[in-house]
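Every value quoted in this text rests on a predicted model; they were computed, and no experiment measured them. Side-chain atoms are counted along with the backbone in the values below, which use heavy atoms only and exclude waters and symmetry mates. Residue numbers start from 1 in every chain, and the chains themselves are labelled A, B, ... in the order their sequence lines are given, proteins ahead of strands.
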Amino acid sequence: MNTLLLVDGSSYLYRAFYAMTHLSAPDGTPTNAVYGVLNMLRRLRTDVPHDYCACVFDAKGSNFRHELFADYKATRPPMPDDLRPQADMLPELVALMGWPVLKVAGVEADDVIGTLAHQADEAGMKVIVSTGDKDMAQLVNERITLVNTMSNETLDIEGVVNKFGVRPEQIIDYLALIGDKVDNVPGVEKCGPKTAVKWLAEYGSLQNVMAHAADIKGKVGENLQAALPHLPLSYQLITIKTDVDLQQELPEGMQSLHRRTPKWEALAEHFQTLGFKSWLKEAEAQIGNGNGRGGDLFAAETAPPPAAAVAAPPPVPEIAPAPDKLDYRAITTETAFAELLAKLDAATAVGLDTETTSLDAINAALVGISIAFAPGEAVYIPLGHTPTAAPEQLDLHEVLGRLKPYLESGRLKKIGQNLKYDEHVFYNYGIKLNGIAGDAMLASYIIESHLGHGLDELAERWLGLPTITYESLCGKGAKQISFADVAIEQATEYAAQDADFALRIEGRLKTAMDAKQLEMYQNLELPVAEVLFVMERNGVLIDKDELARQSHTLGSELVQLEQQAYEIAGQPFNLNSPKQLQEILFGKMGIPTKGLKKTASGGVSTNEAVLETLAPDYPLPSVILQNRSLAKLKSTYTDKLPEMINPHSGRVHTTYAQAVAITGRLASNNPNLQNIPIRTEAGRKVRRAFIAPEGSKIVSADYSQIELRIMAHLSGDKTLLQAFKNGEDVHRRTAAEVFGIAPENVSSEQRRYAKTINFGLIYGMGQYGLAKSLGIDNLSAKSFIDRYFARYPGVADYMQRTKELAAAQGYVETVSGRRLYLPGIHSKNGNERAGAERAAINAPMQGTASDLIKRAMVDVLAWLVSDGLKSKLIMQVHDELVLEVPEAELGLVQAKLPEIMQKAAVMDVPLLAEVGVGENWEEAH
DNA sequence: CTGCTAGCATA
DNA sequence: GTATGCTAGCAGA
């Protein structure tokens with residue numbers, strides 16, 4: 001029989017507070033109640049065997065009993081000042097310990113416990129309710145028992161009868177007669193336990209006692225008569241609900257009440273602050289055991305789950321309290337603003353969001369700021385709305401000046417959605433945002449990188465709530481209006497919600513992370529976001545004139561190619577139009593289309609591969625190819641980059657997307673600085689325009705064969721590992737192995753083959769792909785691959801294992817525990833499935849490489865800052881970091897930069913980073 | 001004006 | 001054969 005263990009967190013909070021001697025954290029925060037409750041939960045966890053469990057707390061605010069009876073609990077003194085902060089922090093700590101935590105607005109903890117107990121009872125489960133509250137005795141039956149963990153007292157039916165002298169089903173009647181002084185529930189004057197038991201023994205039920213009120217003599221008889229009108233109400237107040245709607249909190253019912261793995265990382269942090277030393281040690285030991293990240297992000301290899309393991313566990317259901325109502329306000333008066341500042345003084349963490357005039361952060365102007373304090377509680381400060389939209393509005397600079405200390409404070413923690421954006425916005429006004437402690441977008445990216453991370457989607461997925469969309473306020477497309485034109489009322493609803501939801505979602509997502517994920521989130525992605533902010537802000541200096549010259553040259557070359565094409569075709573046409581080109585080549589010129597690749601829409605493709613095959617036999621294709629290549633250079637790079645120079649800084653500021661690539665890589669856009677040409681001579685010239693200011697140089701360092709090294713590490717293949725350890729030329733070595741000759745006899749052709757195989761493997765390539773890229777037949781390609789796998793059995797084995805793992809669990813992992821989901825891995829479509837298998841093979845290598853360089857970026861920036869260097873990180877291109885370095889620091893950076901990159905992780909292969917210096921990016925590479 | 005395809009730049 | 005972002009052309013509003 002399954003057992004459900006329910007803990008009345010709120011009742012214990014009070015009892016522990018009054019029972020425990022004073023205790024406080026190093027910073028003076030009282031901790032006795034928190035310590036008492038957590039200690040009790042630790043004992044319960046081991047002492048009471050159970051299958052499901054939950055710890056229930058009272059939600060803030062009034063509940064249905066207050067509606068029944070305005071004076072309910074009216075005589076209770078307010079919560080002692082020493083208890084309040086403890087009450088606030090306790091639920092989070094309990095959740096971090098792995099307990100499902102429930103808080104339901106509108107009812108009390110008792111009612112939630114009553115409901116869950118009732119449901120479990122109906123399902124034939126055994127229920128143990130751990131509480132210090134005697135009222136709970138009304139729940140006891142054959143399967144439901146109470147345990148007071150503080151006094152070690154157990155109450156079953158017999159126990160209730162022994163203790164109270166009435167049966168469990170009479171407890172409500174019993175308590176109604178006695179009343180409850182603490183909760184201000186009126187009973188019968190002068191009627192205590194003895195009298196109540198006597199009456200109930202005689203008449204059986206409250207109803208019957210009331211019916212015979214006239215029979216009872218003496219002063220108590222009179223009192224009973226006097227109490228008759230209010231006794232039904234008391235009965236109602238004392239009755240614990242067993243029918244609370246928990247659909248929203250527990251959409252999957254009892255099944256979600258599994259104990260989860262404690263978040264040791266976060267617990268350790270809290271125990272540290274709270275001064276719980278022995279528990280801190282314990283948490284650290286757990287982390288050291290690989291149950292959290294140890295000293296080294298890459299040290300712990302998780303044991304692969306059993307092959308039978310099913311896809312990722314479903315996200316833990318929503319257990320955070322949903323606020324009973326929303327409190328969103330606009331701040332437009334000095335009084336309200338002063339109150340807001342006072343609130344910020346008291347707050348430790350807030351949700352933060354800005355509204356602006358532009359998606360381009362560096363050029364965006366502030367329209368308003370929203371701040372959330374608690375779920376459902378947020379304010380919006382309109383600052384840059386048009387007068388029509390906001391008749392009353394505080395002065396932008398005045399407000400910013402007074403908010404600045406809070407925004408720049410590391411003490412006040414900020415949580416938001418893509419805060420890197422807001423960080424830029426504030427920086428535009430001379431404010432450096434500090435204390436960034438959470439970002440819902442990044443948290444979501446860590447948990448499920450393959451899904452969307454927009455706030456709207458997150459609210460839907462994690463809170464089950466719809467959002468007000470930006471489009472519903474501002475419209476879209478050409479007719480879109482500026483947020484500055486949105487009326488305050490609607491702007492407040494929207495903006496306050498964004499801050500509120502970001503705060504709520506981030507908290508929710510954190511509880512869904514395992515220790516490794518929390519580690520990656522807090523110690524990798526959040527710090528990386530700061531590095532990206534710095535790099536974006538730094539920008540890259542571009543030599544406009546150089547690009548203009550190149551554009552000019554390209555322009556005249558393009559004109560010539562165009563003329564040639566027209567002559568060959570016998571007519572002018574648009575060389576950039578695949579459709580027109582198709583007509584010319586396969587229509588007018590009558591080139592046979594047999595065996596040529598088709599486009600998705602049915603026509604004959606005119607892509608590079610097709611034109612290459614036609615080039616030996618016809619003159620036009622090679623002209624087109626040259627034209628395309630140059631046109632791309634001109635339109636995408638030499639013409640475009642100068643347009644992207646920011647007039648204020650004189651530099652180009654890209655935006656790095658941190659949550660788009662499913663493998664963990666960054667992406668760069670507006671402009672994309674990660675696809676600047678290098679392969680062709682003409683293309684590479686573009687890099688000459690990436691320069692450093694007078695007195696500085698460009699320094700670039702890139703990881704050598706990073707993904708191949710990671711493949712060696714992941715596969716553990718002896719031969720491959722050895723090649724790297726010996727510092728060999730791995731492609732040459734591979735050729736030697738595959739062709740069965742000595743490395744010194746490998747021809748350049750053979751080395752090229754080997755290099756292609758090595759790269760192909762990283763992409764999950766099969767014989768077909770290899771044949772195509774080497775221009776050999778399928779059979780020879782297969783024999784190459786077979787020979788390769790025969791010489792590198794570890795690699796063959798790894799490929800196989802990875803595919804199986806992906807199929808078994810639906811995701812694969814990087815070395816540091818980043819999860820990479822493969823939605824297509826179970827597809828019935830063979831092509832799609834094969835694609836997912838290739839992605840599965842590639843993802844751990846690409847993803848681990850990306851984790852590595854992210855770690856290096858954080859370390860490099862930390863070094864630059866701590867040593868007070870003037871060198872600037874300006875670009876990241878997947879395996880390369882580019883810096884702008886003053887000449888005085890050149891020697892230092894050249895030595896230290898590759899060293900930091902190589903030390904980003906300790907793996908079974910040495911990491912190698914190669915550094916270059918130059919006047920421009922081409923020279924430095 | 002918007003959304004799509006083809007093609008191509010990078011690691 | 002993995003992972004991205006950008007441009008031009010073009011079709012349908």
Reckon [X] has a side-chain N or O less than 4.0 Å from the OP1 or OP2 of [N]?
X	N	value
A:R665	C:dA3	no
A:Q580	C:dC10	yes
A:T663	C:dT4	no
A:K579	C:dA11	yes
A:T599	B:dA6	yes
A:R838	C:dT2	yes
A:T606	B:dA6	no

Pair A:K772, A:M765 - check side chain to side chain contact (heavy atoms under 4.5 Å, CB included), show working. CA-CA 11 Å; A:K772 224 168 84 176; A:M765 174 189 68; over 6 Å; no
Taking the side chain of [X] as its heavy atoms from C-beta onward, which of [options] lies nearest to it?
X	options	result
A:N675	B:dT10, C:dT4, C:dT2	B:dT10
A:A839	C:dT2, B:dA11, C:dT7	C:dT2
A:S577	B:dA11, C:dT7, C:dG9	C:dG9
A:V660	C:dT7, C:dT4, B:dA11	C:dT4
A:N670	C:dT2, C:dT4, C:dC6	C:dC6
A:S635	B:dA11, C:dA8, B:dG7	C:dA8

Sugar-phosphate, base or nothing in reach of [X], heavy atoms under 4.0 Å:
X	answer
A:R679	base
A:L770	base
A:N574	sugar-phosphate
A:S668	sugar-phosphate
A:N672	sugar-phosphate
A:Y768	sugar-phosphate
A:E707	nothing
A:I678	sugar-phosphate
A:I676	sugar-phosphate
A:G760	nothing
A:K772	nothing

Atom-pair distance ([atom1] on [X]; [atom2] on [N]), nearest Å:
X	N	atom1	atom2	answer
A:H878	B:dA9	NE2	P	16 Å
A:L611	B:dG7	CG	P	8 Å
A:L852	B:dA11	CG	P	18 Å
A:L641	C:dC6	CG	C1'	11 Å
A:E612	B:dG7	CD	P	14 Å
A:I662	B:dA11	CD1	P	20 Å
A:M711	C:dG1	CE	C1'	14 Å
A:L673	C:dC6	CG	P	10 Å

May I ask you to decide whether [X] forms a salt bridge with [Y], counting only side-chain N to carboxylate O separations under 4.0 Å?
X	Y	answer
A:D729	A:R733	no
A:E749	A:R752	yes
A:K782	A:D786	yes

Side chain to side chain contact (heavy atoms under 4.5 Å, CB included) assessment of A:F690 paired with A:D543: CA-CA 6 Å; A:F690 286 68; A:D543 185 343; over 6 Å; no
Looking at the base of [N], is there any donor atom on it, or on the side chain of [X], that sits under 3.5 Å from an acceptor on the other one?
X	N	result
A:N576	C:dA8	no
A:Q674	B:dT10	no
A:K632	B:dC8	yes

Among A:Q750, A:Q705, A:K755, the one residue meeting side-chain hydrogen bond (donor to acceptor under 3.5 Å, both in side chains) with A:H731: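 Only one of A:Q750, A:Q705, A:K755 forms a side-chain hydrogen bond (donor to acceptor under 3.5 Å, both in side chains) with A:H731, namely A:Q705.
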Where does the angle between the aromatic ring planes of A:F739 and A:Y753 fall among parallel (under 30°), tilted (30 to 60°) and perpendicular (over 60°)?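 Geometry flag for A:Y753 against A:F739: tilted rings.
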Is it the case that the ring center of A:Y798 lies less than 6.0 angstrom away from the ring center of A:Y792?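 Here the rings of A:Y798 and A:Y792 have centres that are no less than 6.0 Å from each other.
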